[in-house]
Amino acid sequence: MGRPRVVLIGAAGRLGFDLVRTFGLDGELVPLAHGDLDILDAARMEAVLRGLAPTHVINTAAYNRVDQAEDDREAAFALNGRAVGDLATVCQALGATLVHFSTDYVFDGRRSTPYLESDAPNPLSVYGASKLAGERLALERCERAVVFRVSGLYGVARGSGKGSTNFVETMLRLAREGRKIRVVADQVLGPSYTLDLARKVWAVLPKAAHRLYHLTSAGETSWHDFARRVFELADLVPELCPVTAAEYGAKARRPAYSVLGHANLRALGEDDLRPWGAALAAYMAERSSSV
């Protein structure tokens with residue numbers, strides 16, 4: 001196919017920003033923000049992509065408002081499901097590889113060991129169901145599609161959407177405001193630094209041998225212990241209170257355990273992401289140097 005021509009959809013978002021700054025393929029990257037391309041507009045999306053003639057299309061656009069999705073099912077499925085299917089259809093027609101991102105929330109959290117790519121999904125929320133619909137449509141409609149499931153993303157770029165931020169920044173803001181901070185202690189995951197994930201995407205794509213990968217920082221922690229480590233690194237001592245998911249009362253159900261095992265990365269010799277604690281320390285150092 002010659003040198004790759006990679007179209008990145010959602011380039012201004014948290015993961016998109018880091019994919020842009022770590023682009024490592026011997027080819028051309030075409031970054032598109034939401035204003036450049038809205039994948040909900042299927043006709044324009046097809047016209048734009050046909051004009052660009054990509055070898056790869058990387059889609060980071062998503063509906064990520066987990067609790068709001070419970071009351072906004074149509075919008076969540078439109079962006080996370082139908083639009084991904086439309087994108088996959090266009091990529092198939094163009095002979096392009098579609099790279100799409102899904103979530104640990106496709107699992108129900110009933111186990112206590114990391115979920116592998118071969119484990120059956122069973123989402124608990126509208127958001128999780130919409131993301132599962134999207135990954136299935138991507139894989140069904142584009143024979144070259146590759147899906148990466150990610151978890152608990154944070155990075156230096158602000159996420160797309162009004163007021164969008166990440167968990168780390170929310171914790172730091174609440175601490176600065178002197179708030180009593182309640183954080184769920186009975187949900188365990190693998191929170192992940194988007195800079196590390198972006199670098200790994202570029203390493204995996206040239207030799208991808210599977211269609212589905214779990215991609216997270218190594219290790220596992222609860223949201224509460226993750227918050228506690230944020231405060232330790234920031235030399236802050238707020239009033240941090242552990243609560244159960246039931247006590248917290250979020251609208252959407254989340255898996256109690258959603259750690260992702262990296263069987264397919266391991267098969268490629270690419271399961272070397274740094275532990276979540278080291279990744280968080282690197283993020284805190286980067287954000288401090290840019291203030």
Side-chain angles (χ1 to χ4, degrees), residues 14 62-77 80-81 101-116 119-135 149-154 159 161 163-192 214 216-234 236-261 275-277 280:
R14 190 172 300 128
Y63 184 108
N64 290 323
R65 298 180 292 280
V66 178
D67 290 312
Q68 188 174 327
E70 294 298 307
D71 296 320
D72 203 8
R73 182 183 182 90
E74 183 177 346
F77 270 85
N80 292 346
F101 294 89
S102 189
T103 174
D104 56 327
Y105 284 8
V106 300
F107 294 111
D108 60 21
R110 293 177 181 171
R111 59 188 297 168
S112 57
T113 56
Y115 284 92
L116 301 181
D119 288 323
N122 184 34
L124 302 176
S125 65
V126 169
Y127 166 74
S130 71
K131 293 297 289 183
L132 180 59
E135 66 177 59
R149 289 182 181 141
V150 298
S151 173
L153 300 186
Y154 61 91
S164 181
T165 184
N166 67 57
F167 178 82
V168 178
E169 297 305 319
T170 297
M171 292 298 102
L172 294 172
R173 175 180 58 80
L174 294 175
R176 289 192 299 268
E177 293 172 356
R179 304 274 195 94
K180 178 179 179 179
I181 304 172
R182 300 165 68 247
V183 181
V184 172
D186 59 353
Q187 291 173 352
V188 176
L189 72 159
S192 302
H214 287 173
T216 62
S217 295
E220 60 185 60
T221 187
S222 69
W223 284 114
H224 174 267
D225 288 346
F226 186 49
R228 182 170 57 186
R229 185 57 182 149
V230 169
F231 298 137
E232 290 172 354
L233 290 168
L236 296 171
V237 190
E239 186 178 358
L240 176 62
C241 302
V243 296
T244 65
E247 289 169 333
Y248 190 80
K251 193 173 191 70
R253 291 180 63 201
R254 291 157 169 83
Y257 185 91
S258 61
V259 180
L260 300 179
W276 69 265
L280 176 60

Colleague: Any sub-3.5 Å donor-acceptor pair from K131's side-chain atoms to F101's backbone N or O?
Modeller: yes

Colleague: Just verifying a value: how many Å separate R73 CZ and S130 OG, rounded to the nearest 0.5 Å?
Modeller: 8.5 Å

Colleague: Hey, are D67 and R254 close enough for a salt bridge, meaning a charged N less than 4.0 Å from a carboxylate O?
Modeller: yes

Colleague: Considering only heavy atoms from C-beta outward, does the side chain of L153 approach that of N166 to under 4.5 Å?
Modeller: no

Colleague: Would you please test V150 and S192 for side-chain contact (heavy atoms from CB on, under 4.5 Å) and show each step?
Modeller: CA-CA 8 Å; V150 298; S192 302; 5.9 Å; no

Colleague: Does the N80 side chain pair with the main chain of Y63, one donor and one acceptor, at a distance under 3.5 Å?
Modeller: yes

Colleague: To the closest 0.5 Å, what do you measure between OG (S222) and CZ (R228)?
Modeller: 7.5 Å

Colleague: What is the distance from atom CZ of R182 to atom CG of L240, rounded to the nearest 0.5 Å?
Modeller: 11.5 Å

Colleague: Can you name the closest pair of heavy atoms from E135 and S102 and give their distance?
Modeller: OE1-OG, 2.6 Å

Colleague: What closest approach, in Å, do V184 and W223 show between heavy atoms, and which atom pair accounts for it?
Modeller: O-CB, 3.4 Å

Colleague: Is it true that, when you exclude E74 itself, more than 12 heavy atoms of the residues, nucleotides or ligands shown sit nearer than 6.0 Å to its CD?
Modeller: no

Colleague: Hey, could you give me the CG/CE distance between L236 and M171, rounded to the nearest 0.5 Å?
Modeller: 12.0 Å

Colleague: Relative to each other, are the rings of Y115 and Y257 parallel, tilted or perpendicular (30° and 60° limits)?
Modeller: tilted

Colleague: Could you tell me whether the side chain of D119 and the main chain of L116 form a donor-acceptor pair under 3.5 Å?
Modeller: yes

Colleague: Under a 4.5 Å cut-off applied to non-hydrogen side-chain atoms, are T216 and D104 in contact?
Modeller: no

Colleague: Are side-chain heavy atoms of P255 and Y105 found at a separation under 4.5 Å?
Modeller: yes

Colleague: Measuring from atom CD of E169 to atom CG of L174, what distance do you get when rounded to the nearest 0.5 angstrom?
Modeller: 11.0 Å

Colleague: Looking at every non-hydrogen atom in both residues, tell me the closest pair between E220 and V259 and how far apart they are.
Modeller: CB-CG2, 3.4 Å

Colleague: For the side chain to side chain contact (heavy atoms under 4.5 Å, CB included) test, which of D108, L132, T103 pairs with P121?
Modeller: L132

Colleague: Taking side chain as C-beta onward, heavy atoms only, is D186 less than 4.5 Å from Y248?
Modeller: no

Colleague: CD/Q68 to NZ/K251 distance, rounded to the nearest 0.5 angstrom?
Modeller: 10.5 Å

Colleague: Side-chain contact test, heavy atoms from C-beta onward, threshold under 4.5 Å: evaluate it for P191 versus L280 and give yes or no.
Modeller: no

Colleague: Can you give me the closest heavy-atom contact between A175 and I181, atom names plus distance?
Modeller: N-CD1, 3.8 Å

Colleague: For V126 and A76, work out which heavy atoms get closest and say how close.
Modeller: CG1-CB, 4.3 Å

Colleague: Using side-chain heavy atoms (C-beta onward) and a distance below 4.5 Å, is W276 in contact with F226?
Modeller: yes

Colleague: If you look at every heavy atom in V183 and F167, which pair is closest and at what distance?
Modeller: CG1-CZ, 4.0 Å

